[in-house]
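Taking it in order: structure first as structure tokens, then the write-up.
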Amino acid sequence: MPLTKTITSLPEIDQVMDQSMQAFLEYKKINATDRAAFLERIADEIEALGDILIRTTQEETNLPEARLLGERGRTTMQMRMFAAMLKEGSWLEASIDHAIPEKVPAKPDIRKMLVPLGPVVVFGASNFPYAYSTAGGDTASALAGGCTVVVKAHPAHLKTSSLIAAAIQKAIEFCKMPNHCFQHVIGTSFEIGKALVQQSHTSAVGFTGSFSGGRALYDYATVRPKPIPVFSEMGSTNPVLLLSDALAKNAETIATQYAGSITLGVGQFCTNPGLLIGVGSEGLDTFKITLANAINQVAPAKMLHSGILNAYETNRSNALTTKGVSTISNNNVVNENSAAPMIAHVKGIDFLTNENLKEEVFGPYALLIECSDIEELKKVWTSVSGQLTTSIMGSDKDFETNPELMEMASQIAGRVLLNGVPTGVEVCASMVHGGPYPASTDSRYTAVGVNAVKRWVRPVCYQNCPDHLLPDALKESNPLQIKRMINGNPYQ
Ligand code: NAP
């Protein structure tokens, strides 16, 4: 079987998705222990690729070795985390309500658990060639949930993607998993992506990337005869509130912290802080000067690919030519193929009247919005659309004066940060990486952490089903020894 298939026609897509569906019928029955061993083996095989993987990705993405080593560690850790989740078992949300025959009317025996949706199509992200791409969080969580996966490789790192696909294939063979439970395809046009989403066996889609791409996939899915869920994680400007007392006390420290966050990884993170919002004051002036100075020290650097660099320059130029916008940093060093970091400035009133300033400029750029008072700051903050994150830099005094800010923050974003920077997404059970539209197409789910598996499963309940016909997770004897909710009491 070819590890990587370049697809140019619709019949080839039908073949790939037919194979994925055939594999699903077997794969979904594989017990948790064996599925966990498979995920662990994928992690081992990725590590076994060694330096060749890191060097290949460096060449394809311009990302430095240290970053790639860290990201590879995160990717294998995610695989092992989902393996541990499978062994523990409570993620299945198994619950049992015993019959009460004497109740009027009689209550039947009802038992519920989560079951996998079917074949999942994953669009690899360009900015995380490991952790959100071929064997990234979407693939790991879907395989953990019992779904088969078809990855459409991101064109910006095809060699990396093919190496990782080969590692997964080795794990399939070693663990004797069904052929085609994972497939890796290269598409040559948007038509291929569209057809993958619309193929009748496709049961769900995972995507990280641009707003236009994520929205297009969502729209393809909703006009199918049978619509399916599309989990697109798209752009975010991650607004940051700079409150007055915090700035009066710590403007320089906060500015230095944010200069690092804005330029981290050449600004190519979905959690990059793109909007900084404060009220005009001496503290904000100090913040502005310190931030501009710090940004001026950061050398231009290569972005992931020329398309991303072009988009950065076009989107930044659209912002900079808007009424009232000026630049406050002067890092004008021109370096072919490299992105210069930049901070722009605008008054609150001009921000509120120019919708284009609310759009993401993906790269090492932020817009400082200077408001006339706290009421204007709140208007600016709530005028932006749904976000992955929002951060508040504030002191106790700031929160005493403005107690409503915390409640407002949870309406805006999936992750609310206090006195920190939004870049750096911890992988843990409590993480939420998602948010109200357009940060993601379904704000009820996270793309990071164990709960990411919930995107690929659905609940089924069995009524009055004899024990021998029930799935193991719901049998009275509890052969899997997993935590279950019994008669409405959590986890007896
Ligand atoms: P992208 O353009 O959204 O593409 C990602 C994947 O989706 C590619 O495989 C692409 O297919 C596919 N795709 C995009 N539009 C499609 C459509 N209309 N129909 C079918 N398939 C479609 O993302 P990118 O290449 O990584 O970067 C482009 C821009 O996206 C960046 O400049 C940045 O602004 C933004 N971005 C944002 C984030 C974030 O986390 N917020 C992350 C990465 C990128 P092809 O292979 O055929 O091109």
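These values consider heavy atoms only, across backbone and side chains, with no hydrogens, waters or symmetry-generated copies. Every number for a ligand or one of its atoms is a count from 1 in the order of the listing.
- Screening Thr134, Thr139, Thr4 for a side-chain hydrogen bond (donor to acceptor under 3.5 Å, both in side chains) involving His184 leaves a single residue, Thr4.
- One finds a salt bridge joining Lys358 and Glu355 here, because a Lys/Arg side-chain nitrogen approaches an Asp/Glu carboxylate oxygen to under 4.0 Å.
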Quick one: table the atom pairs, ligand 1 N or O against protein N or O, below 3.5 Å, distance rounded to 0.1 Å.
| from | atom 1 | to | atom 2 | distance (Å) |
| --- | --- | --- | --- | --- |
| ligand 1 | 3 (O) | Ser210 | N | 2.9 |
| ligand 1 | 3 (O) | Ser210 | OG | 2.5 |
| ligand 1 | 9 (O) | Lys152 | NZ | 2.9 |
| ligand 1 | 11 (O) | Lys152 | NZ | 3.4 |
| ligand 1 | 18 (N) | Tyr220 | OH | 3.3 |
| ligand 1 | 19 (N) | Tyr220 | OH | 2.7 |
| ligand 1 | 25 (O) | His154 | NE2 | 2.9 |
| ligand 1 | 26 (O) | Ser126 | OG | 2.5 |
| ligand 1 | 26 (O) | His154 | NE2 | 3.2 |
| ligand 1 | 30 (O) | Ser210 | N | 3.4 |
| ligand 1 | 41 (N) | Met234 | O | 3.4 |
| ligand 1 | 41 (N) | Glu360 | OE2 | 3.3 |
| ligand 1 | 46 (O) | Lys152 | NZ | 2.8 |

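- Between Tyr132 and His433, the ring-plane angle classifies as tilted under the 30° and 60° cut-offs.
- Classification of the His305-His154 ring pair by plane angle, with boundaries at 30° and 60°, yields tilted.
- In this structure, Arg67 is positioned above the aromatic face of Phe128, its NZ or CZ under 6.0 Å from the six-membered ring centre and within 45° of the axis.
- Contact check on Glu59 versus Lys159 returns no salt bridge, with no Lys/Arg side-chain nitrogen under 4.0 Å from an Asp/Glu carboxylate oxygen.
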